[in-house]
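Reviewing the structure listed below.
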Amino acid sequence: MTDQNDILFERARAVIPGGVNSPVRAFKAVGGTPRFIQRAQGAYFWDANDKRYIDYIGSWGPMILGHGHPAVVEAVQKAVLEGFSYGAPTEREIELAEAILALVPSMEMVRLVSSGTEAAMSALRLARGATGRKTIVKFEGCYHGHADALLVKAGSGLATFGNPTSAGVPPEVVQHTLVLEYNNLQQLEEAFALHGKDIACLMIEAIAGNMNFVRATPEFAKRCRELCTQHGALLIFDEVMTGFRVGLHGAQGVLGITPDLTVLGKVIGGGMPLAAFGGPRAIMEQLAPLGPVYQAGTLSGNPVATACGLATLKEISKPGFYEALAQKTRTLVDGLKAAAAAEGQPFNADSEGGMFGFFLMNELPQNYATVMTTDNAQFNALFHGLLDRGVYIAPALYEAGFVSAAHSEDDIAATIAAARDIFSKR
Ligand SMILES: *Cc1c(COP(=O)(O)O)cnc(C)c1O
């Protein structure tokens, strides 16, 4: 065995379940050996064999500036010398909170935490605490981290309560979670008609990035807002992926909808463990130490992570940043579409800001069930073909892709050429 990735994978599997610390890294869906990454710079990372890849996962979203951006590295190095963690408040937490609130007008106050899972779970508890209600509404194919109450799939029939998607989650824990089909207006109406007075919150990825890339239609998003308002439920936008990724003001900026609570992660940490949730002052003041809703964290607002997040937000706030990123992402998406058309490959793709998705079918899916009709074997062949050619996309067909400011026109052109070559050999 001379492949260094194989050697590391064997070692990893002996000591870490499946050899990975987050399941989708394991290549279980696509087969083969995960690449163990040894370093990264700009739009690239290098595996244990020193093979270079153009990186379209960007740590699953955070690396919007590319890897090793000099201003971010400098900020982190400076912070590290001042101490790793104090367990006492710092000025930098205020600075980051102020920066976030200035960019997301629906938020008047924010609390910093360490992961998207933690932020979504805390927002959910806050919504239940603030409304005094139990029921939560979520959509099939939206991911909000791995808190028990959110690991649910749809039950049988319309607007029914869900079933756990993980062992270790008792049915009782998800008995208050309603799981609806994304973009299905009729189910949405029915759920609120039946359960409206019990609904604490509706949580949604308004541009979904965990069932590949699927937009809520403008009518659907608008109706979510109206029904929540009408029934006294809180609308929670989970923008862990879309926040500062699809645009400077997130999916709420793109759609022009004001949620009650917003959940952030990924980009706001710039690659460090940092996430947040926030909303109107009256709701946020329900949190401990002011209010009765408990929430806490040893490493929350960590001084190194906040330095990384602040430096990242400063760069992405520069004029023209998102216009350039969106243009680059569109060039990729349009190029892939043209390559597929030239080779007779059924294909469609979409993007917003620096986030994209493509489908090996002619339509753009509107929900999870349609995404999952993708031909697995075809996707896996494309994935491995790209990997061989030095292009790293997410190793599962239900994940979105990410372009960073560091990707060059040559990187985009090389990616399109690689895809066309694979389509032609089908
Ligand atoms: C990634 C993600 C999460 C979970 O964040 P972690 O930091 O992985 O815990 C939650 N919601 C959405 C929309 C995400 O994309």
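This is a predicted model, so every value here is computed, not measured.
Within the 4.5 Å cutoff, the side chain of Arg225 has heavy atoms near those of the Thr229 side chain. Residues Leu290 and Leu287 have side chains not in contact (no heavy-atom distance under 4.5 Å, counting atoms from C-beta outward). Side-chain contact between Val371 and Phe359 is present, with at least one heavy-atom pair separated by less than 4.5 Å. The closest side-chain heavy-atom distance from Pro62 to Val267 is not below 4.5 Å. Residues Gln175 and Glu172 meet the side-chain proximity criterion, which asks for heavy atoms closer than 4.5 Å. Residues Glu108 and Leu101 are not in side-chain contact: their nearest non-hydrogen atoms beyond the backbone lie 4.5 Å or more apart. Using a 4.5 Å cut-off on side-chain heavy atoms (C-beta onward), Ile393 and Phe379 make contact. Side-chain contact between Arg128 and Ile136: present, with at least one pair of heavy atoms (C-beta onward) separated by less than 4.5 Å.
Relative orientation of the His231 and Phe192 rings is tilted, given thresholds of 30° and 60° on the angle between their planes. Ring pair Tyr53/Tyr392 is perpendicular by interplanar angle, where above 60° counts as perpendicular and below 30° as parallel. Using cut-offs of 30° and 60° on the angle between ring planes, the pair Phe139 and Tyr182 is perpendicular.
In this structure, the side chain of Thr217 engages the main chain of Phe220 through a donor-acceptor pair within 3.5 Å. Remark: the backbone N or O of Phe36 is paired with a side-chain donor or acceptor of Asn5 at under 3.5 angstrom. When atom types are taken as modelled, the side chain of Lys138 and the backbone of Cys142 share a donor-acceptor pair closer than 3.5 angstrom. The backbone N or O of Ala406 sits less than 3.5 Å from a side-chain atom of Ser404, completing a donor-acceptor pair. Side chain of His249 to main chain of Leu103: a donor-acceptor pair is present (N/O by atom type, distance under 3.5 Å, no hydrogens or angles). Between the Glu118 side chain and the Ser114 main chain, a donor and an acceptor come within less than 3.5 Å of each other. Counting only distance, with no hydrogens or angles, the side chain of Thr258 and the backbone of Ser106 share no donor-acceptor pair below 3.5 Å. For the pair Thr306 (side chain) and Asn302 (backbone), a donor-acceptor distance under 3.5 Å is present.
No side-chain donor from either of Asn367 and Asn183 sits under 3.5 Å from a side-chain acceptor of the other. Asp238 and Tyr143 are not linked by any side-chain donor-acceptor pair at a separation below 3.5 angstrom, with hydrogens and angles left out of the test. Side-chain polar atoms of Thr33 and Asp6 form a donor-acceptor pair below 3.5 angstrom. Side-chain contact check for Asn210 and Glu205: at least one donor-acceptor pair (N or O, by modelled atom type) lies under 3.5 Å. A donor-acceptor contact closer than 3.5 angstrom links the side chains of Gln295 and Arg111. Side-chain contact check for Thr262 and Gln252: at least one donor-acceptor pair (N or O, by modelled atom type) lies under 3.5 Å.
Here CD1 of Ile412 is found 7.0 Å from OG1 of Thr331. Values are rounded to the nearest 0.5 Å. To the nearest 0.5 Å, atom SG of residue Cys201 and atom CG of residue Leu124 are 5.0 Å apart. In this structure, the separation between CD on Gln38 and CH2 on Trp46 is 9.5 Å, given to the nearest 0.5 Å. Note that CD of Gln286 and CG of Leu126 are 7.0 Å apart. Values are rounded to the nearest 0.5 Å. One finds the CZ atom of Arg133 at 8.0 Å from the CD1 atom of Ile199 (value rounded to the nearest 0.5 Å). Remark: His384 NE2 to Ile422 CD1 distance equals 11.0 Å, nearest 0.5 Å.
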Derivation of the side chain to side chain contact (heavy atoms under 4.5 Å, CB included) call for Val263 and His144: CA-CA 9 Å; Val263 185; His144 306 295; over 6 Å; no
CA sep, side-chain torsions, deciding dist, call: Asp55, Val391, side chain to side chain contact (heavy atoms under 4.5 Å, CB included): CA-CA 7 Å; Asp55 173 15; Val391 177; over 6 Å; no
Evaluation steps, side chain to side chain contact (heavy atoms under 4.5 Å, CB included), between Met211 and Glu399: CA-CA 6 Å; Met211 46 173 151; Glu399 302 288 353; over 6 Å; no
Worked check of ring pair (Phe, Tyr, Trp, His ring centres under 6.0 Å) between Phe347 and Phe423: CA-CA 10 Å; Phe347 192 88; Phe423 294 149; 5.7 Å; yes
Steps toward salt bridge (charged side-chain N to carboxylate O under 4.0 Å, His left out) verdict (Arg39, Asp50): CA-CA 9 Å; Arg39 68 200 152 87; Asp50 220 22; 2.8 Å; yes
Steps toward salt bridge (charged side-chain N to carboxylate O under 4.0 Å, His left out) verdict (Lys328, Glu409): CA-CA 8 Å; Lys328 206 181 309 190; Glu409 277 174 31; over 6 Å; no
Residues Asn380, Leu382; criterion side chain to side chain contact (heavy atoms under 4.5 Å, CB included); working and verdict: CA-CA 5 Å; Asn380 294 351; Leu382 176 61; over 6 Å; no
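One finds no salt bridge joining Asp3 and Arg35 here, because no Lys/Arg side-chain nitrogen approaches an Asp/Glu carboxylate oxygen to under 4.0 Å. Between Lys51 and Asp388 there is no salt bridge, since none of the side-chain N atoms of the basic residue sits less than 4.0 Å from a carboxylate O of the acidic one. Taking a cutoff of 4.0 Å between a charged side-chain nitrogen and a carboxylate oxygen, Glu239 and Arg245 do not qualify as a salt bridge. Between Arg223 and Glu219, no side-chain nitrogen of the basic residue sits less than 4.0 Å from a carboxylate oxygen of the acidic one, so the salt-bridge criterion is not met.
In this structure, Ala127 and Ile236 approach most closely via the heavy-atom pair CB-CD1, 4.0 Å. Taking all atoms of both residues into account, the shortest heavy-atom contact from Thr415 to Leu332 is CG2-CD1, 3.9 Å. Across all non-hydrogen atoms, the minimal contact from Val30 to Pro395 is CG1-O, 3.5 Å. In terms of heavy atoms, Val110 sits closest to Ala97 at CG1-CB, 3.5 Å. Here the closest heavy-atom approach between residue Asn212 and residue Gly357 is recorded as OD1-CA, 3.2 Å. The two atoms that bring Ile100 and Leu264 nearest to each other are CG2-CD1, 3.7 Å, heavy atoms only.
Taking the centre of each ring, Phe213 and Tyr398 stay at or above the 6.0 Å mark. Checked against a 6.0 Å centroid threshold, the rings of Phe27 and Phe383 count as neighbours. Ring to ring, His407 and Tyr56 are close: their centroids are under 6.0 angstrom apart.
Around the CZ atom of Arg11, the shell of radius 6.0 Å holds no more than 12 heavy atoms that belong to other residues, nucleotides or ligands. Within a 6.0 Å radius of CZ in Phe321, other residues, nucleotides and ligands contribute more than 12 heavy atoms.
The list of side chain to side chain donor-acceptor pair (under 3.5 Å) pairs with a residue in residues 79-95, not counting sequence neighbours, reads Lys78-Glu82, Glu82-Arg92, Thr90-Glu93.
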